[in-house]
Amino acid sequence: QVQLVESGGGLVQAGGSLRLSCAASGGTFGSIALGWFRQAAGKEREFVAAISRSGGNPNFADSVKGRFSISRDNAKKTLYLQMNSLKPEDTAVYYCAARGRWRYSTATYSYTGIPEYDYWGQGTQVTVSS
């Protein structure tokens with residue numbers, strides 16, 4: 001069982017930056033694939049970024065490429081999402097997600113689909129003002 005807790009959200013002006021963190025407990029953090037998703041009001045949850053078990057081959061949604069980066073610190077059991085050049089359309093609740101250890105996960109593959117994840121945090125609100 002993995003528990004995930006996001007932090008770092010808040011209100012920022014367009015063009016600003018935020019860094020989200022996702023602290024994990026339980027399970028073996030270093031052996032699981034991780035991702036970030038977001039859900040804007042009235043919209044479905046969507047993929048933002050993902051990172052493989054090995055920490056390589058990050059994957060990003062087209063809407064955030066070049067602006068967001070994802071990283072993981074296995075020693076701290078923490079996943080990060082660095083968000084730069086924020087836009088009003090980035091406003092959403094951001095969720096981190098972890099893939100269950102019982103699933104086969106290629107070490108270098110970053111998973112982008114919601115059904116490919118088994119554990120979810122409670123979310124952190126990011127609001128970007130224009």
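Side-chain atoms are counted along with the backbone in the values below, which use heavy atoms only and exclude waters and symmetry mates. Just so it is clear, the model here is predicted, and its values are computed rather than measured.
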- May I have all residue pairs that pass disulfide bond (SG atoms under 2.5 Å apart) and include part of residues 97-130, sequence neighbours excluded?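 Pairs touching residues 97-130 that pass the test: none.
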- Query: What disulfide bond (SG atoms under 2.5 Å apart) pairs are there with at least one residue in residues 18-117, not counting sequence neighbours?
  - Reply: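 Listed by first then second residue: Cys22-Cys96.
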- Item | Connected via hydrophobic side-chain network under 4.5 Å: Trp120 and Val93 |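 Shared cluster, yes.
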- Message: Applying a strict under-4.5 Å side-chain criterion to I, L, V, M, F, W and Y, I'd like to know whether Tyr95 and Leu81 cluster together.
- Response: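 Different hydrophobic clusters.
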- Query: Which residues, ordered by chain and number, are linked to Leu11 in its hydrophobic cluster, where ILVMFWY side chains connect at heavy-atom gaps below 4.5 Å, directly or through other members?
  - Reply: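 The other cluster members (ILVMFWY side chains, heavy atoms under 4.5 Å, direct or chained): none.
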[atom1]/[X] to [atom2]/[Y] distance, rounded to the nearest 0.5 angstrom?
X     : Y     : atom1 : atom2 : answer
Gln3  : Ser25 : CD    : OG    : 4.0 Å
Phe29 : Leu4  : CZ    : CG    : 8.5 Å
Thr91 : Arg38 : OG1   : CZ    : 9.0 Å
Ser85 : Arg67 : OG    : CZ    : 7.0 Å

Shortest non-hydrogen contact from [X] toward [Y]:
X      : Y      : value
Ser110 : Pro58  : OG-CA, 3.9 Å
Phe37  : Ile114 : CE2-CG1, 3.6 Å
Ser31  : Arg101 : OG-NE, 3.3 Å
Ala24  : Val2   : CB-CG1, 4.4 Å

Is there a donor-acceptor pair under 3.5 Å between the side chain of [X] and the backbone N or O of [Y]?
X      : Y      : answer
Tyr117 : Tyr111 : yes
Gln1   : Gly26  : no
Gln39  : Glu44  : no
Asn74  : Lys77  : no
Arg19  : Tyr80  : no

I'd like to check [X] versus [Y] (side-chain heavy atoms, cut-off strictly below 4.5 Å). Are they in contact?
X     : Y     : value
Leu79 : Glu6  : no
Val64 : Trp36 : no
Asn59 : Phe47 : yes

- Query: For Phe60 and Thr112, what are the C-alpha separation, side-chain angles and deciding distance, and is it a side chain to side chain contact (heavy atoms under 4.5 Å, CB included)?
  - Reply: CA-CA 8 Å; Phe60 298 94; Thr112 63; over 6 Å; no
- Does one side chain, of Thr78 or Arg72, offer a donor that lies under 3.5 Å from an acceptor on the other?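 No.
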- Item | Ion pair check, Arg103 and Asp118, cut-off under 4.0 Å |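 A salt bridge is present here (some side-chain N lies under 4.0 Å from a carboxylate O).
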- salt_bridge(Asp90, Lys87) N-O dist < 4.0 Å: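 No.
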Set of side chain to side chain contact (heavy atoms under 4.5 Å, CB included) partners for [X], sequence neighbours left out:
X      : result
Ser54  : Ser52, Thr108
Val126 : Leu18, Leu20, Met83, Tyr94, Val128
Ser69  : Gln82

- Within 45 degrees of the axis of the six-membered ring of Tyr119 and under 6.0 Å from its centre: does Arg99 put its NZ or CZ there?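 So Arg99 doesn't make the cation-pi contact.
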